Amino acid sequence: MSNYGRMDVTFSHGRGAWLWDTEGRQYLDALSGIAVCGLGHAHPDVTAAIAAQATRLLHTSNLYRVERQEQLANRLCALSGMDRVFFCNSGAEANEAAIKIARKFGHEKGVARPAVIVTDGSFHGRTLATLSATGNAKVHAGFEPLVEGFVRVPYDDVDAVGNAASHADVVAVLVEPVEGEGGIVVPQARYLSALRKICDDRGILLMLDEVQTGMGRTGRWFAHQHQGIVPDVMTLAKGLGNGVPIGACVARGAAAEVLQPGTHGSTFGGNPLVSAAALAVLDTIERDGLVQRAATLGARMVEDFKRALAGNKAVTNVRGHGLMLGIELDRGCYDLVKLALARGLLINVTADKTVRLLPPLILSDDEARQIVERVCALINDFTAGAA
Ligand SMILES: *Cc1c(COP(=O)(O)O)cnc(C)c1O
């Protein structure tokens with residue numbers, strides 16, 4: 001179907017931060033399939049884990065215990081300090097699980113019409129509940145009536161959450177630690193810890209959508225760890241499988257006990273194949289110190305971009321959190337994506353004016369330098385009208 005305005009290029013293979021198209025042209029990948037391939041393309045350890053698992057067992061269903069899934073759940077709980085995991089196949093599904101947990105948690109407290117606080121500019125997925133939670137009119141358009149039970153507040157506004165949370169129907173807050181699709185919007189440093197306190201005071205759930213920010217991307221395993229808090233619910237997907245479809249809804253305390261037999265499910269979720277791949281992803285990130293690498297490399301790239309673009313008045317802001325990087329212009333710049341492609345570089349533009357870079361965590365110093373040089377040249381040519 002035509003639901004994607006696709007670019008006219010077909011990639012045949014990749015290696016690390018590089019892709020080759022069917023014509024043999026080479027591209028530097030500063031997007032990682034939208035924060036999915038954190039270990040780059042064709043990572044040998046992930047490939048080996050998938051191949052080994054495929055020789056033994058792909059799928060048995062969740063009617064039986066799944067050894068690899070249990071190992072993966074234990075690892076995610078150990079890394080996050082949380083208690084239980086539900087596995088699914090995408091970010092939207094992970095958020096669906098979170099929303100169902102919030103509603104059932106509310107009903108168990110006697111709230112007949114439970115509501116979840118969500119924010120402007122957010123993105124939570126394309127299923128009916130998650131598009132309704134999403135704070136973007138373009139995502140809603142044509143799909144009304146929206147799923148009810150969401151209360152919207154501005155992003156990075158603690159008081160707005162505090163006020164909304166005083167309503168008796170509110171059972172949870174669902175936010176991204178950094179708004180990704182919304183334009184790499186990095187909130188004030190105390191945002192999540194302030195939300196944690198509101199949720200504790202009110203006895204409601206703090207649910208963090210870490211589908212894009214998780215898996216080391218921001219320089220911690222999970223972005224909320226920068227603020228020394230633990231959420232009640234956290235959703236993961238994108239970088240968890242490095243390209244195999246896997247999502248996870250991680251919960252702790254009361255939130256981890258809400259879903260009981262018969263209340264939720266997934267045929268494929270956490271099957272042996274995807275769990276083996278995700279375990280290899282965790283092992284590799286840990287062994288190669290890629291979380292710390294994302295922190296130092298991301299900070300350096302932001303500084304390099306700031307220095308290199310200081311003379312360009314059309315660049316209004318450069319920001320980042322680990323290897324989530326945003327360069328905001330004073331004008332719409334979706335054309336940059338095609339111009340970059342023609343120059344052998346994969347980037348993204350989101351929220352109309354923000355160049356979004358989500359490079360793989362395995363980037364070498366030289367590749368990082370090339371991305372900065374090539375993106376700056378592209379932006380300078382574009383704003384000078386020369387591209
Ligand atoms: C990509 C994304 C989703 C949706 O994930 P899908 O796998 O496309 O369903 C949800 N939340 C955030 C923050 C995302 O970046």
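If you're wondering where the values come from, they're calculated on a predicted model, not measured in any experiment. First listed ligand is number 1; within each ligand, the first listed atom is number 1.
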side-chain contact (heavy atoms from CB on, under 4.5 Å) assessment of Asn380 paired with Leu309: CA-CA 8 Å; Asn380 287 334; Leu309 291 168; 3.8 Å; yes
Among Ala35, Gly91, Pro177, Ala237, which one puts a heavy atom closest to atom 5 (O) of ligand 1? Gly91
Which atoms of ligand 1 are found less than 4.0 Å from any heavy atom of [X]?
X: Gln212; result: 15 (O)
X: Glu176; result: 13 (C)
X: Asn95; result: 10 (C), 11 (N)
X: Ser90; result: 7 (O), 9 (O)

Main-chain N/O of Gly344 paired to Arg374 side chain as donor or acceptor, under 3.5 Å: yes
Taking Arg15 first and then Asp29, would you say they form a salt bridge - that is, a charged N and a carboxylate O separated by under 4.0 Å?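 Looking at Asp29 together with Arg15, the answer is no, because their closest N to O distance does not fall below 4.0 Å.
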Does Lys104 pair with Glu108 as a salt bridge, N-O distance under 4.0 Å? yes
At under 4.0 Å between heavy atoms, is it the side chain or the backbone of Lys238 that contacts ligand 1, or both, or neither? side chain
Structural part of Thr130 in contact with ligand 1, heavy atom criterion under 4.0 angstrom: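 Contact part for Thr130 vs ligand 1: neither.
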Does any donor atom in the side chain of Thr130 or Asn95 lie under 3.5 Å from an acceptor atom in the other side chain? no
Got the closest protein heavy atom to atom 9 (O) of ligand 1, with its distance?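 Result: Ala92 N, 2.8 Å.
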Closest approach of any protein heavy atom to atom 11 (N) of ligand 1, naming residue and atom: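 Minimum-distance protein heavy atom for atom 11 (N) of ligand 1 reads Asp209 OD2, 2.7 Å.
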Of Arg75, Glu67, Gln69, which is the lone residue that meets side-chain contact (heavy atoms from CB on, under 4.5 Å) with Gln71? Glu67
If you measure every N/O of Phe123 against every N/O of ligand 1, is any gap under 3.5 Å? yes
Any link between Ile371 and Phe382 through a network of hydrophobic side chains (Ile, Leu, Val, Met, Phe, Trp, Tyr) touching at under 4.5 Å?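 Same cluster: Ile371 reaches Phe382 through Ile, Leu, Val, Met, Phe, Trp or Tyr contacts under 4.5 Å.
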